[in-house]
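Have a look at the structure below, then the notes.
Here is the naming used below: chain letters follow the sequence lines, and residue numbers restart at 1 for every chain.
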2 protein chains.
Amino acid sequence: MKNTPANSSTDLSARIAHSLRDAILDGSLIVGDRLPSESDLSEQFSVSRSTVREALKRLAAQNLIRTQRGATGGAFVNHLSYAEAHNQQITTSTLLLSMNAISFDTACEARYALERACAPLAARRRTAGQLDILRAEITRQGQPDLTDEAFCASDVAFHRALVDAAGNPVLSYQLAGAVEAMQPLMNMITFTARSRVQIIALHGQIADALERSDAAGTDAALVGLENYTRDLARTVLAARAAAL
Amino acid sequence: MKNTPANSSTDLSARIAHSLRDAILDGSLIVGDRLPSESDLSEQFSVSRSTVREALKRLAAQNLIRTQRGATGGAFVNHLSYAEAHNQQITTSTLLLSMNAISFDTACEARYALERACAPLAARRRTAGQLDILRAEITRQGQPDLTDEAFCASDVAFHRALVDAAGNPVLSYQLAGAVEAMQPLMNMITFTARSRVQIIALHGQIADALERSDAAGTDAALVGLENYTRDLARTVLAARAAAL
DNA sequence: TGTTTTTCATATGTCTGACAATTAGGATTT
DNA sequence: AAATCCTAATTGTCAGACATATGAAAAACA
């Protein structure tokens, strides 16, 4: 991992942040450890306290450390939880998608490829509780007075539950991030009442297949959902293009 | 996305960073835009320049902005490239795995589930150039004087090329990050000369199947590699436990 | 006129020193 | 013994200064 430029041309605060980050990544500093105080660090690196502080803020922005005031305070190596990592990934992925003009087809293909990857595991391991969550979301999606935003939120929750059913936290972290980041792109095509019925039906197929522990059926239903989604997107985009 | 606490209790610099971050994420500030100067921002937010600077460093740490000195300098909304997003994801995933005591089986399962997800696409779309890369890495892996580190690096390159062959940049970004983050865990079991032969053979099977555009064959070879890897890990871990 | 050099305004980067706010633990008093 | 106060340590914020980089305008020159 030659992830460490540390050019002499870059900012002091960036270099110091890099140096401390490496110490955390390679295990010199482990979770819970307290970093030296800002004054100590400024002596060690021969820079002012402001520069040290800027470096520490960089680390804090990456959730690598947290700071505490007071007599026994300081900067502590943070325990990176799944939730925090998840949030970071969503931010990064959202930004990446919005800034790189990803086509809907590309995003959709990636999303369903990933989701299908955990379908066999989910079919094998889904618990009764996870099935209940899926059913509950489907029920919610069927309520006619549901706003578009709420429908989309429920859609995300459904797919997240599906991923969680695979029983692998690493997969959940990777996939849920991807699914949520792509949701804004997905939303534009589910914003029609007509498509809800079809989507709900496909969600039902997925839940049914999972209940039967039917991996092939789950996969088929996901493929169905993917095809339907892509067809719908094609139609929507064509209509939008024609309107101009 | 209710990702915005903005508690009045948190640091000023954190709140300002959050506020600017939201402006970037929701499109008020778009790529290439110049933020107001530090002095202007300090007036707008009624804080000192140091506080503004700490906020800006937080954003810079997330690759959201870049700064430039000089007359026409300032802080500019950054274009988040795949490479940068990729690096960030590797850092986050590596940290997450190292801090949360992920079992080898869990990591392995996730990795191959993701990798198998892009096998069908790769079988359909792989180019001759991508096949060449795969073959070249296999050749390198067969050189007897290769260090363990170099072998592992080549292994990563092979799998990355495999993922890239799917021809979907979103998948590449997601998967390559996952594969590389898990590599430290994977390495410990490929550090024996004996296992190299078997791994190279399986890599060969994958390349052959891709050359034939044989999705099922690629998948089967990947399953073979996964099973072999997990068996090997079980053996290594059992031996290590017995030695204590 | 065209080109090079100089100057200058503006911006970020760094330093210094100060004070505020918070907090744990010790000292003091009740 | 318990409650209170005090103190030292540490981060958070501020103000002002100087260093450094850089593009653009102004000046000098050919």
Side-chain angles (χ1 to χ4, degrees), chain A residues 5-21 23-24 29 31-79, chain B residues 5-21 23-24 29-79 84:
Chain A
N7 298 337
S8 61
S9 62
T10 52
D11 294 8
L12 280 178
S13 70
R15 269 189 289 170
I16 293 171
H18 230 104
S19 159
L20 293 173
R21 196 199 74 146
I24 295 175
L29 290 168
V31 175
D33 276 4
R34 206 198 94 159
L35 275 65
S37 74
E38 295 176 352
S39 317
D40 290 350
L41 285 173
S42 71
E43 275 190 22
Q44 285 179 30
F45 287 102
S46 304
V47 297
S48 72
R49 203 185 134 211
S50 349
T51 304
V52 167
R53 279 183 65 77
E54 288 179 9
L56 292 179
K57 293 313 160 202
R58 293 179 119 107
L59 298 180
Q62 297 176 283
N63 275 316
L64 288 175
I65 60 169
R66 66 179 187 286
T67 53
Q68 226 173 8
R69 295 219 268 192
T72 58
F76 299 86
V77 177
N78 203 12
H79 176 89
Chain B
N7 298 337
S8 61
S9 63
T10 51
D11 293 339
L12 281 177
S13 69
R15 269 189 289 168
I16 293 172
H18 229 102
S19 159
L20 292 172
R21 196 198 74 147
I24 295 175
L29 290 168
I30 58 174
V31 175
D33 275 3
R34 206 196 94 161
L35 275 65
S37 75
E38 295 177 351
S39 317
D40 289 350
L41 285 173
S42 72
E43 274 190 24
Q44 283 180 33
F45 287 103
S46 305
V47 298
S48 72
R49 204 185 133 210
S50 341
T51 304
V52 167
R53 279 184 63 78
E54 289 178 9
L56 292 179
K57 293 314 159 202
R58 293 179 119 109
L59 298 180
Q62 298 176 283
N63 274 316
L64 288 175
I65 60 169
R66 67 179 189 286
T67 54
Q68 223 174 10
R69 294 219 269 193
T72 58
F76 298 86
V77 177
N78 202 11
H79 176 88
E84 284 166 336

Give a yes/no answer on whether the side chain of B:Thr67 brings an N or O atom under 4.0 Å of OP1 or OP2 in C:dG13. yes
Considering only nitrogen or oxygen atoms on both sides, find all protein atoms under 3.5 Å from nucleotides 13-15 of chain D and state each distance.
unit_1 : atom_1 : unit_2  : atom_2 : d
D:dT13 : OP1    : B:Leu12 : N      : 2.7
D:dC14 : OP2    : B:Ser48 : N      : 3.0
D:dC14 : OP2    : B:Ser48 : OG     : 3.4
D:dC14 : OP2    : B:Thr51 : OG1    : 2.8

Contacts of A:Gln68 and B:Gly70 projected onto DNA chain D by closest heavy atom; the upstream (5') one is A:Gln68
Nearest-Å distance for atom pair CZ/P, residues A:Arg34 and C:dT23: 15 Å
Taken to the nearest whole Å, CD/A:Glu38 to C1'/C:dA20 is 14 Å
Determine the minimum heavy-atom distance between A:Ala55 and A:Ser13, stating which atoms define it. CB-O, 3.3 Å
Regarding A:Arg66, tell me which of base, sugar-phosphate or nothing describes its non-hydrogen contacts under 4.0 Å with the strands shown. nothing
Which value, rounded to the nearest 0.5 Å, describes the distance between A:Arg49 atom CZ and A:Leu41 atom CG? 11.0 Å
The single option from A:Val77, A:Val52, A:Thr67 passing side chain to side chain contact (heavy atoms under 4.5 Å, CB included) against A:Leu35: A:Val77
Separation between CD (B:Gln44) and OG (B:Ser19), nearest 0.5 Å, reads 9.5 Å
Nearest whole angstrom, please: distance from the P of C:dT14 to the NZ of B:Lys57. 8 Å
In whole angstrom, what separates A:Leu56's CG from D:dT10's P? 14 Å
The reported gap from CG in A:Asn78 to CG in A:Asn63 (rounded to nearest 0.5 angstrom) is 6.0 Å
According to the Watson-Crick and G-U wobble definition with distances under 3.5 Å, which dot-bracket string, read 5' to 3', encodes DNA chain C, using [ ] for crossing pairs and | for pairs with another strand? ||||||||||.|||||||||||||||||||
In this structure, how many angstroms lie between the C1' atom of C:dT10 and the CG atom of B:Leu35, rounded? 17 Å
Would B:Lys57 and A:Asp11 count as a side chain to side chain contact (heavy atoms under 4.5 Å, CB included) if you check the C-alpha gap in whole Å, the side-chain angles of each, and the deciding distance to 0.1 Å? CA-CA 11 Å; B:Lys57 293 314 159 202; A:Asp11 294 8; 4.2 Å; yes
If I take atom CZ in residue A:Arg69 and atom P in nucleotide C:dT22, what distance separates them, rounded to the nearest angstrom? 5 Å
Could you tell me whether the side chains of A:Ser48 and A:Thr51 share a donor-acceptor contact shorter than 3.5 Å? yes
Between D:dT10 atom P and A:Asp40 atom CG, what is the distance in whole Å? 7 Å
Should A:Leu56 and A:Leu20 count as side-chain neighbours, where that means a heavy-atom distance under 4.5 Å? yes
About how many Å separate CD of B:Glu54 and CD of A:Glu54, when rounded to the nearest 0.5 Å? 6.5 Å
